[in-house]
Amino acid sequence: MARAAAQALRERPQAKVLIIGGGINGVGTFRDLALQGVDVALVERGDYCQGASGASSHMIHGGIRYLENGEFRLVRESVVERNRLLRIAPHYVKPLQTTIPIFSTFSGVLSAPLRFLTHRQQGKPKERGAFLIKLGLSMYDSFSRDGGTVPRHQFRGRRRALAELPDLHPGIKYAATYFDASVHNPERLTLDVLQDGEKAGLVNAAQAGSTARASNYVSLQSMGRGVRAGNASTGSTVQLRDELTGELFDFTADVIVNTTGAWVDLTNGAMGAASRFMGGTKGSHIVLDHPDLLEACKGREIFFEHTDGRIVLIYPMGDRVLVGTTDVDADMAQDAVCTDGEIDYFLELTGHVFPGIHVDRGQIVYTFSGVRPLPRHDATQPGFVSRDYRIERQAVGPGAVVFSLVGGKWTTFRALAEHLANDVLAELGMERQVSTAKLAIGGGAGFPADEAGVQAWIKAHVTANRGADRTALLFTRYGTRAEEVISFLDGGPDQLLRSTRELSVRELEYMAGHEQIGHLVDVLIRRTSLAFRGLVTGELLNEVCEVLAGPLGWDTAAQAREIRRAEEVLGRLHRVQVHSLVA
């Protein structure tokens with residue numbers, strides 16, 4: 001069955017700009033350029049937000065630990081962007097109260113300056129004591145003065161800290177509490193950013209003939225020869241492949257933007273633009289169904305330095321608890337997966353902070369890993385590699401210009417996209433028309449300012465056939481875009497699935513028609529949080545696949561392939577064992 005998104009690229013196989021890579025940074029750049037009226041296209045070899053963007057710690061943070069690396073510019077930009085995302089994406093980005101348990105007063109005072117100067121651990125790791133943490137948080141607060149929307153940090157002595165968090169290790173001396181933010185639905189936020197770009201493209205098409213088109217499951221295969229008219233180059237031609245049909249086709253653009261994250265060098269190599277920019281590190285996480293640990297966190301992230309000097313975190317996400325993360329050099333020849341050793345590490349670190357709470361493998365409902373798109377770092381230890389980003393420009397043959405993004409993190413995606421878009425605009429001889437600094441993202445437009453407003457919205461959209469719980473779930477999943485979804489749901493007979501009360505037949509049909517679903521597993525991992533929360537069953541696989549078969553044109557054989565693929569992906573990459581009724 002032909003996909004509209006991929007078909008739009010084949011029918012008009014050229015654009016001013018082609019972006020390769022559909023993580024948050026590529027999608028953010030797509031949105032920014034579309035808003036400037038640029039004829040832009042984006043392709044992603046897998047699903048949107050499938051790589052590192054979907055394997056993050058779900059934090060929108062200023063990066064307090066980057067202060068120790070001397071990355072003051074990045075910390076300031078991160079804090080400003082954190083505050084901004086709380087305003088322009090309030091449906092997905094929420095304030096996150098964070099507590100640091102502290103076991104000493106002056107530990108690390110002598111070793112910290114050496115870490116700052118050399119970016120290496122000197123000897124056996126020494127934990128940061130209260131003095132260093134107080135200094136860091138005071139600096140961190142100073143970056144929030146411009147447009148800050150979160151309270152300043154607070155210090156608590158042992159007695160008051162344990163009164164607030166009684167399950168913390170009784171040997172703590174202090175606890176420091178500050179605010180950052182989290183993004184509970186990074187995949188859906190990425191979709192919102194993408195759809196903003198597509199909508200801007202429709203407006204541009206009506207006004208000036210330029211468009212914005214994007215397709216997942218389309219990969220770059222190779223660079224072709226520049227298409228020339230007389231002596232003037234009219235762009236660079238690449239060969240693309242539709243990963244769902246196997247079809248190959250050429251596509252021409254004046255500028256190519258490489259936002260493939262840790263795969264930047266491999267992508268450049270395919271275009272004949274050899275580079276050695278990247279040196280990614282793997283980060284893994286586990287998700288626990290553990291009511292006692294959830295209660296112990298009291299709604300806060302617990303952010304601390306483990307005994308090996310690694311900064312780790314424990315924090316509640318809905319009714320689950322996320323624990324992470326590791327930071328080890330990645331083997332790009334293998335898929336990133338959470339290993340047994342990493343799981344042992346996570347179980348041990350929870351006991352370090354909450355010694356009275358037992359955690360074991362049986363409480364793990366999901367694991368995930370990703371490769372951070374860090375710059376090549378040679379002998380530098382992974383924890384000290386810069387988290388800042390840079391943009392590399394390469395001229396590849398006649399008429400071929402490639403911009404490669406090196407680095408980048410979730411928190412700064414809007415500012416990064418603005419920077420990258422400005423470089424592209426300069427290359428095209430165009431000027432910025434629209435700023436994204438105050439522009440609401442997707443379902444964040446018109447989002448209520450407080451809980452009373454949220455409840456009022458929900459009450460206004462409850463019907464006899466759709467209760468408050470279902471309406472609240474739709475509002476959580478889509479933000480104010482739920483208006484559009486509800487209109488679709490109310491356009492015909494609908495019913496909840498038998499296997500879950502979190503999806504209905506018509507909502508799945510809406511996703512199939514509006515959210516570029518390529519595989520069954522896309523719904524389970526990236527259009528909903530069902531896999532993340534350990535709620536996927538064999539019955540759910542069969543039922544969702546059956547509903548999607550109609551709009552996506554899957555015959556019986558295709559349905560069986562999709563179910564087997566979902567089982568394989570969930571088992572191999574996420575340690576989720578599901579057995580459907582398909583033989």
Side-chain angles (χ1 to χ4, degrees), residues 24 27-28 30-32 34-35 48-49 58 60 81-96 149 181-203 212 214 317-318 410 413-414 417 434-463 465-492 494 501-504 506-517 523 526-529:
I24 186 59
V27 169
F30 171 79
R31 172 184 184 249
D32 197 311
L35 288 165
Y48 302 114
C49 202
H58 292 59
I60 300 294
E81 290 300 308
R82 177 201 68 193
N83 295 341
R84 182 169 281 136
L85 286 173
L86 285 166
R87 293 191 294 269
I88 67 175
H91 54 322
Y92 296 139
V93 180
K94 309 291 185 180
L96 177 64
T149 57
S182 62
V183 52
H184 284 203
N185 294 279
E187 297 87 357
R188 295 215 61 88
L189 178 52
T190 302
L191 282 177
D192 262 17
V193 175
L194 179 83
Q195 292 179 355
D196 279 356
E198 290 177 323
K199 290 175 181 176
L202 291 175
V203 173
M317 298 199 65
W410 248 103
F413 82 84
R414 190 217 62 86
V434 177
S435 171
T436 61
K438 297 181 180 180
L439 191 63
I441 294 173
F447 194 82
D450 53 30
E451 184 59 24
V454 170
Q455 293 305 317
W457 192 100
I458 293 170
K459 183 178 180 180
H461 292 81
V462 168
T463 67
N465 297 321
R466 184 178 52 254
D469 288 348
R470 173 66 174 152
T471 304
L473 185 148
L474 291 169
F475 196 48
T476 299
R477 184 173 288 157
Y478 299 98
T480 55
R481 279 206 311 114
E483 292 266 9
E484 173 187 328
V485 180
I486 286 173
S487 177
F488 182 90
L489 300 185
D490 292 346
D494 193 19
R501 298 190 61 80
E502 297 192 11
L503 278 173
S504 72
R506 282 188 66 81
E507 186 181 358
L508 282 172
E509 292 172 349
Y510 176 87
M511 290 179 179
H514 296 82
E515 296 188 348
Q516 295 191 36
I517 294 170
V523 173
R526 286 172 290 276
R527 303 304 182 276
T528 72
S529 61

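In this view, D494 satisfies the salt bridge (charged side-chain N to carboxylate O under 4.0 Å, His left out) rule with no residue, not counting sequence neighbours. In this view, R481 and D192, E515 satisfy the salt bridge (charged side-chain N to carboxylate O under 4.0 Å, His left out) rule, not counting sequence neighbours. With sequence neighbours excluded, no residue satisfies side chain to side chain contact (heavy atoms under 4.5 Å, CB included) with K459.
Smallest separation of non-hydrogen atoms from P90 and L86: CB-O, 3.5 Å. Between P448 and G453, the closest heavy-atom pair is CB-C, 3.4 Å. Taking every heavy atom of both residues into account, H91 and G479 meet most closely at CB-CA, 3.9 Å. Nearest heavy atoms, A34 versus G197: CB-O, 3.4 Å. Scanning all heavy atoms of the two residues, the minimum distance from F413 to G28 falls at CD1-CA, 4.4 Å. Nearest heavy atoms, A468 versus V462: CA-CG2, 3.7 Å.
Side-chain contact of T190 with R526: a donor-acceptor pair under 3.5 Å is absent, judged by distance alone.
The shortest distance between side-chain heavy atoms of F30 and V193 does not fall below 4.5 Å. With a 4.5 Å cut-off on side-chain heavy atoms, L189 and L85 do not count as touching. Side chains of E484 and Y478 form no contact here, defined as non-hydrogen atoms less than 4.5 Å apart. Side-chain contact between R501 and L473 is absent, with no heavy-atom pair separated by less than 4.5 Å. Residues R414 and I88 meet the side-chain proximity criterion, which asks for heavy atoms closer than 4.5 Å. Within the 4.5 Å cutoff, the side chain of L474 has heavy atoms near those of the R470 side chain.
Taken to the nearest 0.5 Å, the NZ atom of K199 stands 12.0 Å off from the CG atom of L35. From E509, atom CD reaches atom CD1 of I517 across 11.0 Å, with rounding to the nearest 0.5 Å. One distance of note links CZ of R31 with CD of Q195; it measures 12.0 Å at 0.5 Å rounding. In this structure, CZ on R466 lies 4.5 Å from CG on D490, to the nearest 0.5 angstrom. Atom OH of residue Y510 and atom OG of residue S487 lie 9.5 Å apart, to the nearest 0.5 angstrom. Here SG of C49 is found 11.0 Å from CG of L194. Values are rounded to the nearest 0.5 Å.
The aromatic rings of F488 and H514 sit perpendicular to each other, their planes meeting at more than 60°, with 30° as the lower class boundary.
Within a 6.0 Å sphere centred on CG of D469, other residues, nucleotides and ligands contribute 12 heavy atoms or fewer.
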Inset, instruction - Take R527 and L191 through the test side chain to side chain contact (heavy atoms under 4.5 Å, CB included) and record every step on the way to the result. - result: CA-CA 9 Å; R527 303 304 182 276; L191 282 177; 3.5 Å; yes
Legend entry - Audit row: D196, L439, side chain to side chain contact (heavy atoms under 4.5 Å, CB included) steps and yes/no: CA-CA 10 Å; D196 279 356; L439 191 63; over 6 Å; no
Inset, instruction - Just do the side chain to side chain contact (heavy atoms under 4.5 Å, CB included) check on R87 and K438 with the steps written out, would you? - result: CA-CA 8 Å; R87 293 191 294 269; K438 297 181 180 180; over 6 Å; no
Inset, instruction - Using the side chain to side chain contact (heavy atoms under 4.5 Å, CB included) rule, take F475 and T480 through it: C-alpha gap first, then chi angles, then the decisive distance, then the call. - result: CA-CA 7 Å; F475 196 48; T480 55; 4.2 Å; yes
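For S504 (side chain) and E507 (main-chain N/O), a donor-acceptor pair under 3.5 Å exists by modelled atom type. Between the side chain of E502 and the main chain of T528, no donor-acceptor pair closer than 3.5 Å is present. Side-chain atoms of T476 come within 3.5 Å of backbone atoms of A472 as a donor-acceptor pair (strictly under, hydrogens ignored).
The one candidate from E187, R188, R477 that meets the side chain to side chain contact (heavy atoms under 4.5 Å, CB included) condition with Y92 is R188. The one candidate from R82, R84, K94 that meets the side chain to side chain contact (heavy atoms under 4.5 Å, CB included) condition with I60 is R82.
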